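Notes to accompany the following structure.
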Amino acid sequence: MQAGSIIEAKGGKMKPAERLKIPPTVMPEQDPKERIHNVKEVPLGYTPEMAMIEAQRCLQCKTPFCIEGCPVGIDIPGFIKAIEQGDFSTGVHVLKQRNLLPAVCGRVCPQEEQCQAVCVIGKAKKDPTKAVMIGKLEMFLADWEREQGVYATPPEVRKTGKKVAIVGGGPAGLTVAGDLIKYGHDVTVYEAFHKAGGVLLYGIPEFRLPKAIVQTEVDYLEKLGVKFRYNFIVGKTSPVEKIVEENDAVFIGTGAGLPRFMRVDGENLLGVLSANEYLTRANLMKAYTFPQSDTPIVKGRTVITVGGGNVAMDCARTALRMGAERSLIVYRRAEEQMPARLEEIHHAREEGVEFHLLNNPVRLVGNDKGWITGAELIKMELGKPDASGRRRPIPIEGSEYIMETDILIVAIGNSPNPLVPSSYPDLDVTNWGGVIVNEVTGQTSVPGVFAGGDIVLGAATVILAMGHGRRAARAMNLYLSSGRWTDLEDGLELCRAEVR
Amino acid sequence: MHVILYKETLGPDITLYRLYAPDVAAYRKPGQFVLMRISEEGERIPITLADVDRDEGSITLIIQSVGKTTLQLAQMEVGDSIPDIAGPLGEPTHIEKVGHVLCVGGGIGTAPLYPVAKAMKEIGNRVTSVLGARSENLLILEDRMRDVSDDLIITTDDGSKGNKGLVTDAISKLVENGGKFDQCICMGPPIMMKFVCILTKKLGIPTIVSLNPIMVDGTGMCGGCRVTVGGKIKFACVDGPEFDGHEVDFDEMMARLNTYKSYERVALEHYSEETGCRLEASLKQKGAK
């Protein structure tokens with residue numbers, strides 16, 4: 001299909017050909033040499049002028065593939081059109097209809113795999129990185145709203161009198177909370193930490209997602225009437241059964257908090273940490289201000305991070321900000337197979353992170369005090385594709401060598417948090433610990449109990465968790481109003497047209 | 001917020017706090033712990049629960065001031081509030097009637113030992129307790145432990161109270177004198193637990209220890225508290241804190257406890273400087289008036 005044929009005729013005054021000629025608007029960023037000495041955000045944001053120019057690049061396609069590409073179905077052409085017209089408050093309104101956490105998603109969504117991957121502009125230029133910068137425009141609108149300091153208060157809703165418990169205050173849980181409070185239900189979020197946000201707080205670093213932004217979103221939910229119970233570990237502070245009994249519906253969104261280790265010799269040496277521990281100390285506990293804050297973090301001149309995902313990039317970049325002279329990524333596959341977003345790899349490289357690809361630790365060595373001094377790495381080569389479709393890394397025998405290091409961070413993934421499932425045997429889980437749900441509704445094996453996000457998916461992304469939350473909230477609302485549990489999916493089908 | 005309802009000094013730098021925390025008290029079982037954070041900039045520290053009172057909605061913690069956070073806590077008074085207490089965490093102690101239980105407490109370790117000894121007694125076990133400390137003034141909960149024990153032996157390193165010597169000396173003597181124990185529960189400094197376990201392994205007494213390694217979240221997320229038990233990695237926060245003492249790699253655990261030693265010194269220095277400055281500033285202010 002020709003790009004020109006699907007443009008809405010009554011759109012802007014510009015011709016599609018003119019729009020296609022506008023180059024992508026580069027968002028200014030902090031200089032890499034400077035930013036490794038602070039934890040301030042790396043991208044500096046669009047000015048209104050930049051945003052309006054970038055918005056002009058959108059063709060306002062009649063069949064907007066970008067909406068299909070968005071896990072929460074945001075009306076992307078809608079908010080971009082508002083930006084183009086300079087009507088930012090309308091833009092915010094359109095955006096927030098489908099996404100309660102735009103300031104977060106604009107920053108951490110893998111847009112290049114979702115909305116921007118299917119953008120017609122990117123297709124026309126045969127380069128997805130030249131697509132309309134949807135994520136950056138989303139970030140612009142959300143930041144614009146926050147800077148105005150005025151939040152649109154949603155209309156009063158009639159209370160249904162139904163009680164809902166959300167277990168876990170991360171992206172999935174917050175999305176469900178926001179949706180269900182708007183339907184008029186009585187919503188309480190049970191959070192194990194002393195603040196809500198989940199991985200947005202403890203995992204994603206300040207320089208990628210300022211914590212003040214997360215707090216603003218949580219404050220907004222509180223304003224809408226969502227209640228938060230902090231330091232409340234469902235399954236410990238109260239049995240899961242009791243929470244299920246006392247509520248009309250429950251959503252479990254406890255995430256993928258169980259860190260995987262490599263199971264090599266020396267992994268318990270001092271200076272060897274999970275990515276979760278490293279990032280939690282740095283982010284949630286603000287170890288980067290130690291000793292102003294009380295939580296320390298181990299520092300060293302050389303820091304190795306093992307892994308190739310976004311979390312590994314976050315650790316390697318955090319290490320630089322903690323004063324490391326050398327920050328190394330060690331990954332057993334090649335760059336093409338790295339699961340991290342291109343932008344994260346790019347930022348890490350700009351900041352001086354060294355990539356030691358096709359290398360894998362076989363054991364860790366330490367000194368007589370028990371501190372790590374080095375990692376024995378083995379070189380790898382790529383063989384035939386494995387189950388994931390990626391070429392399998394094969395060790396090259398006899399290629400072992402020692403890479404000296406002061407700190408080693410294990411960032412090879414997380415498994416679903418076992419705390420709720422293990423204390424609640426009624427809940428069916430997979431052999432790898434994920435809660436089993438109906439993919440459309442998020443229903444678990446226990447009537448009235450729904451689940452979503454990383455507790456179902458294993459470690460995935462913020463936006464997929466929010467997509468799960470969105471779908472579960474819709475199903476929960478139907479369940480709460482109809483009392484119907486079996487064939488809930490069919491009921492949803494009936495009212496889908498109405499919702500969408 | 002958790003109001004301090006009661007505060008009592010039990011010894012040098014050892015303080016008992018009773019705090020309002022009804023959520024924690026409601027389902028807590030012996031052997032469990034809490035994570036607390038005492039200020040907005042505070043760290044999260046694990047503290048084992050010494051007791052709870054469900055009617056009052058309170059928990060009892062006994063804390064030795066050893067670092068910045070515990071010193072800062074000791075400055076707080078009845079009526080002050082602690083912002084965050086999360087729990088109860090960890091697996092409870094397996095309480096079972098086994099016959100004769102030997103409860104060994106060292107220093108502040110007697111605090112978490114007390115509820116376990118009490119539960120062991122209540123279920124019908126004969127309880128013999130051995131409490132050890134460097135000297136008399138560091139002994140805590142002697143009366144309470146006496147209440148729940150059939151026999152109680154006290155040892156001090158300097159002989160200021162009870163037998164002069166270590167708890168291991170007392171255990172050996174008990175066994176030499178014909179004492180037969182079906183189960184030992186030992187809580188105290190890691191070095192003491194290590195040597196008690198070496199001894200009880202030789203004597204063939206199954207032994208449970210309670211570990212208190214470095215933790216951040218306490219819910220199995222960070223893995224900072226990992227210990228090697230029977231050759232396998234365990235997380236003390238969710239798999240423990242109690243383990244088969246004969247299987248614990250104490251040397252590794254003790255080494256790991258030193259991870260942040262140098263940082264803790266920095267934190268303490270910063271704290272004393274900061275509070276010193278504050279004192280100076282408030283004095284100046286008063287002088288100006």
Side-chain angles (χ1 to χ4, degrees), chain A residues 191-195 199 202-203 229-233 235-239 242 254-261 263 267-281 284-287 289-299 366 368-371 410 414-415 417-419 422, chain B residues 2 21 23-24 26-28 32 34-45 67-69 72 83-90 214 216-228 233 235 238 249 251-256 258-260 262-264 266-271 273-274:
Chain A
E191 168 56 47
F193 273 129
H194 49 270
K195 278 184 184 151
V199 73
Y202 72 76
R229 296 285 299 275
Y230 297 107
N231 299 309
F232 200 108
I233 303 101
K236 290 285 177 191
T237 309
S238 170
K242 187 159 177 276
T254 46
L258 184 68
R260 280 190 215 133
F261 284 93
R263 300 180 188 280
E267 210 162 12
N268 285 358
L269 287 165
L270 282 68
V272 182
L273 313 81
S274 72
N276 269 0
E277 178 175 3
Y278 194 72
L279 293 175
T280 302
R281 285 179 181 274
L284 178 74
M285 306 310 294
K286 296 196 205 120
T289 67
F290 179 84
Q292 270 75 41
S293 68
D294 294 342
T295 307
I297 191 164
V298 283
K299 292 184 184 178
D368 56 352
K369 297 252 168 56
W371 278 92
V410 184
N414 290 302
S415 304
N417 195 324
L419 222 147
S422 68
Chain B
H2 307 279
D23 284 348
V24 178
Y27 289 97
R28 163 270 181 193
Q32 291 187 296
V34 292
L35 270 162
M36 67 195 289
R37 195 177 76 120
I38 66 168
S39 70
E40 193 44 44
E41 299 301 315
E43 59 182 336
R44 294 167 63 94
I45 56 167
K68 193 237 159 170
T69 300
Q72 200 180 354
D84 300 300
I85 298 181
L89 296 165
I214 296 168
V216 182
D217 63 286
T219 60
M221 284 179 53
C222 80
C225 66
R226 61 195 191 276
V227 288
T228 303
I233 293 185
F235 288 3
V238 286
D249 183 341
D251 292 335
E252 179 189 272
M253 190 199 114
M254 286 188 278
R256 286 183 61 80
N258 288 328
T259 305
Y260 287 99
S262 60
Y263 297 86
E264 282 157 18
V266 171
L268 255 178
E269 278 163 19
H270 177 79
Y271 177 60
E273 262 172 39
E274 204 186 33

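Everything numeric here is computed off the predicted structure, so don't read it as measured data.
Within the 4.5 angstrom heavy-atom criterion, atoms from both the backbone and the side chain of Thr237(A) approach chain B. No part of Tyr230(A) comes within reach of chain B, as not one of its non-hydrogen atoms sits under 4.5 angstrom from that chain. If you measure heavy-atom distances from Leu279(A) to chain B, you find no contacts under 4.5 Å at all. Looking at Ser422(A), there are no atoms closer than 4.5 Å to chain B (heavy atoms on both sides), in backbone or side chain. Looking at Lys299(A), both its backbone and its side chain come within 4.5 Å of chain B, counting heavy atoms on both sides. Heavy atoms closer than 4.5 Å to chain B are found in both the backbone and the side chain of Val272(A). There is no contact between Ile38(B) and chain A, counting heavy-atom distances below 4.5 Å. Both the backbone and the side chain of Leu258(A) come within contact range of chain B, with heavy atoms under 4.5 Å apart. Looking at Leu35(B), there are no atoms closer than 4.5 Å to chain A (heavy atoms on both sides), in backbone or side chain. For Gln72(B), the part sitting under 4.5 Å from any heavy atom of chain A is the side chain, from C-beta outward, and nothing else. If you measure heavy-atom distances from Arg256(B) to chain A, the contacts under 4.5 Å come from both the backbone and the side chain. In this structure, the portion of Arg229(A) lying under 4.5 Å from any heavy atom of chain B is its side chain and not its backbone.
One N or O on the side chain of Ser274(A) and one on the backbone of Cys222(B) form a donor-acceptor pair closer than 3.5 Å.
When all heavy atoms of Phe290(A) and Val266(B) are compared, the pair lying nearest together is CE2-CG1, 4.0 Å. Listed here is the closest heavy atom pair of Met221(B) and Tyr202(A): CE-CZ, 3.3 Å. Taking each heavy atom of Thr259(B) and Leu270(A) in turn, the nearest pair found is OG1-CG, 3.5 Å. Taking each heavy atom of Gly220(B) and Pro259(A) in turn, the nearest pair found is O-CD, 3.5 Å. Taking every heavy atom of both residues into account, Gly223(B) and Glu277(A) meet most closely at C-OE1, 4.2 Å. Across every non-hydrogen atom of Glu40(B) and Lys195(A), the tightest pair is OE2-NZ, 3.3 Å.
Listed options Val298(A), Ile233(A), Leu273(A), Leu284(A) were ranked by heavy-atom pairs under 4.5 angstrom with chain B; first place goes to Val298(A). Contacts with chain A were tallied for Gln32(B), Arg44(B), Lys68(B); Arg44(B) has the most, counting heavy-atom pairs under 4.5 Å. Among Pro239(A), Gly235(A), Ala192(A), the residue with the largest count of heavy-atom pairs under 4.5 Å with chain B is Pro239(A). Of the listed residues (Ala255(B), Ala26(B), Ala86(B), Gly67(B)), the greatest number of heavy-atom pairs within a distance under 4.5 Å of chain A belongs to Ala86(B).
Taking Asp217(B) as the reference, nothing meets the salt bridge (charged side-chain N to carboxylate O under 4.0 Å, His left out) condition, with sequence neighbours excluded. Residues satisfying the side chain to side chain donor-acceptor pair (under 3.5 Å) criterion with Tyr260(B), sequence neighbours excluded, are Arg281(A).
Considering CD of Glu43(B) and NZ of Lys286(A), their distance stands at 14.0 Å, rounded to 0.5 Å. Thr69(B) OG1 to Asp294(A) CG: the interatomic distance, rounded to the nearest 0.5 Å, is 4.5 Å. Here the straight-line distance linking atom CG of Asp23(B) with atom CZ of Phe232(A) works out to 5.5 Å at 0.5 Å rounding.
Inspection of the Arg226(B) and Asn268(A) side chains reveals an N or O donor paired with an N or O acceptor under 3.5 Å.
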